[in-house]
Amino acid sequence: MTPFRSGERVLVGHPRHRCTLGEAYDHAMRTRAARLDDIDAIVAFTTGTFSWGDYVPGLFASWVTDDDGMTMVAVDDDDVPIGMARAVFLTEHEVWSHAARVHPDHRGLGIAGDLADALMTWAGERGGQVMRLLIDDDNLASIRHITKKGFTRAVSVVRASRGIGPGSFNPEGNGGRRHPSPLVSRPGKVQDLALVRASWSTSEVGRSLRGLVASGWRFHRLRDVDIEQAARSGNLWEIGNSWAITESVEPTFDICLLDTGPDEAFDVIGALIDTANNRGADALTAWLADTDWLVQAARRAGCDVIGHGIWVKPL
Ligand SMILES: CC(C)(COP(=O)(O)OP(=O)(O)OC[C@H]1O[C@@H](n2cnc3c(N)ncnc32)[C@H](O)[C@@H]1OP(=O)(O)O)[C@@H](O)C(=O)NCCC(=O)NCCS
């Protein structure tokens with residue numbers, strides 16, 4: 001990028017932020033790998049990122065020392081971080097990007113874009129073929145930033161969540177207590193692998209999610225090893241004609257994949273709520289395809305739902 005137009009000494013590329021050379025240096029956009037001693041500056045501008053806070057301060061140090069990922073910072077003239085972002089390989093060729101944060105005083109200058117460029121270069125040089133990331137549909141600044149970088153919203157996904165246990169009500173189920181589902185979640189077996197794989201690659205919801213499966217807040221294509229590990233760890237479930245893969249992150253019960261159909265979706269979700277209840281979980285979360293009948297079933301089962309987009313760019 002050519003930062004200044006000769007003669008006028010204005011910062012180009014950011015017309016709303018035209019400024020003199022001296023002021024422009026306040027927004028110098030050098031990027032480099034993050035270091036442990038960046039933590040104070042990072043914590044200072046990320047602690048209040050969202051209304052609920054931020055997870056960055058608690059995880060930054062572990063990311064800097066993690067060999068699978070790269071954390072980049074954008075620094076000012078004094079080498080003090082004013083922005084950060086991270087990318088991590090989830091599989092051999094699939095890269096996940098997250099934790100883009102820019103100091104509130106330096107937003108709107110394309111700093112997150114510079115960090116994304118650096119991370120895409122890093123990932124591409126290491127065999128990354130695709131970069132994905134998740135954005136809450138309400139986060140317009142983030143959507144704008146990532147659109148400018150050439151990402152497209154390839155998948156719509158819904159995060160459903162509800163409380164579990166005796167005190168939890170079902171607001172869309174007559175406002176009363178939930179009855180146990182007529183279906184039961186049965187642990188799946190490693191021998192079910194081919195069935196689960198075939199179903200996820202052909203079912204309406206599996207195709208809608210492009211074959212992705214969640215792990216926490218990240219998504220990659222479902223592989224045989226994911227199904228096998230889920231079966232071995234008691235996290236693969238057969239419910240009627242449906243399949244689920246879960247993750248137990250105490251005290252919540254998280255559904256990472258739900259492969260179901262319109263006829264039984266409501267009872268399948270009910271059966272998983274029963275399982276979560278039996279395990280003493282205090283909340284259930286589920287990543288669901290953004291398909292009308294599935295979202296309605298989740299709502300009927302008492303879940304709040306929030307829409308997100310999974311944005312993708314080939315590297
Ligand atoms: C999302 C974020 C990383 C973007 O960083 P950035 O370096 O400001 O990105 P850009 O300069 O490309 O600006 C993106 C959009 O933010 C908006 N924006 C511009 N100035 C802004 C300001 N002062 N404050 C907030 N948003 C601003 C504009 O819509 C801009 O798009 P435009 O340039 O086409 O007008 C940054 O807003 C941020 O840290 N947000 C809080 C954390 C967050 O939401 N992270 C992403 C989680 S998925």
Side-chain angles (χ1 to χ4, degrees), residues 1-3 10-19 23-32 34 38-39 41-60 63 69-77 80-88 90 95-120 123 131-159 212 214-220 287 290 306-313:
M1 180 175 84
T2 308
V10 292
L11 187 68
V12 295
H14 309 292
R16 283 176 293 100
H17 294 271
R18 288 190 168 225
C19 46
E23 287 169 324
Y25 272 149
D26 290 344
H27 304 290
M29 290 170 209
R30 191 167 72 82
T31 57
R32 61 162 171 78
D38 292 326
I39 193 159
I42 296 290
V43 169
F45 75 82
T46 58
T47 299
T49 305
F50 302 107
S51 55
W52 49 267
D54 200 341
Y55 57 81
V56 164
L59 292 174
F60 182 79
W63 290 339
M70 167 57 90
T71 307
M72 299 288 303
V73 289
V75 293
D76 67 11
D77 255 8
V80 175
I82 52 173
M84 66 160 291
R86 181 166 185 264
V88 60
L90 298 186
V95 186
W96 188 255
S97 173
H98 68 130
R101 304 284 185 269
V102 172
H103 190 299
D105 293 346
H106 301 271
R107 289 182 188 165
L109 298 169
I111 293 177
D114 292 347
L115 287 161
D117 286 338
L119 288 173
M120 286 190 279
M131 183 175 273
R132 299 190 187 94
L133 52 91
L134 182 79
I135 308 181
D136 182 329
D137 286 340
D138 291 336
N139 193 338
L140 300 182
S142 191
I143 288 171
R144 182 71 196 126
H145 141 60
I146 219 65
T147 303
K148 287 188 285 182
K149 286 289 114 185
F151 282 73
T152 53
R153 191 180 187 284
V155 170
S156 294
V157 66
V158 159
R159 179 143 174 108
L212 298 177
S215 172
W217 288 75
R218 306 168 185 182
F219 292 78
H220 65 272
W287 286 113
D290 188 4
I306 299 178
H308 293 75
I310 298 175
W311 294 70
V312 180
K313 183 169 178 179

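FYI, side chains are in, hydrogens and waters are out, and symmetry mates aren't considered; it's all heavy atoms of this structure. Atoms within each ligand, like the ligands themselves, are counted from 1 in listed order.
Backbone and side-chain nitrogen or oxygen atoms of Asn139 are examined, and one is located within less than 3.5 angstrom of a nitrogen or oxygen of ligand 1. Ligand 1 has no nitrogen or oxygen under 3.5 angstrom from a nitrogen or oxygen of Leu134. The N/O atoms of Lys148, backbone and side chain alike, include one that comes under 3.5 Å of an N/O atom in ligand 1. Considering both main-chain and side-chain atoms, Pro104 never comes within under 3.5 Å of ligand 1 through any nitrogen or oxygen pair. Considering backbone and side-chain atoms together, Phe50 places no N or O closer than 3.5 Å to any N or O of ligand 1. Taking distance alone, with nitrogen or oxygen atoms compared against 3.5 Å, Ile135 stays at or beyond that limit from ligand 1.
Nearest heavy atom pair, residue Pro57 against residue Ile39, reads O-CD1, 4.5 Å. Between Leu115 and Gly83, the closest heavy-atom pair is CD1-C, 3.7 Å. Shortest non-hydrogen contact noted between Ser142 and Ile135 is OG-CD1, 3.7 Å.
A cation-pi arrangement is present between Arg101 and Tyr55 under the rule of less than 6.0 angstrom and at most 45 degrees off the ring axis. With Trp311 as the aromatic partner, Arg132 does not meet the cation-pi criteria of under 6.0 angstrom to the ring centre and within 45 degrees of the ring axis.
Residues Phe219 and Val155 form no side-chain contact, since every pair of their non-hydrogen atoms from C-beta on lies 4.5 Å or further apart.
Those atoms of ligand 1 with a heavy atom of Ile111 less than 4.0 angstrom away are 7 (O). For ligand 1, the atoms lying closer than 4.0 Å to a non-hydrogen atom of Arg101 are 39 (O), 42 (C), 45 (N), 47 (C). For ligand 1, the atoms closer than 4.0 angstrom to any heavy atom of Thr49 are 41 (C), 42 (C). Atoms of ligand 1 lying under 4.0 Å from at least one heavy atom of Leu109, given by number and element, are 11 (O).
In terms of the ring-ring contact (aromatic ring centres under 6.0 Å, His included) criterion, residue partners of Trp63 (sequence neighbours excluded) are, by chain and number, His98. Contacts of Lys313 classified as salt bridge (charged side-chain N to carboxylate O under 4.0 Å, His left out), with partners at least two apart in sequence or in another chain: none.
Among Arg144, Met84, His308, Arg107, the residue whose heavy atom lies nearest to atom 30 (C) of ligand 1 is Arg144.
Under a 4.0 Å heavy-atom criterion, Gly113 is not in contact with ligand 1.
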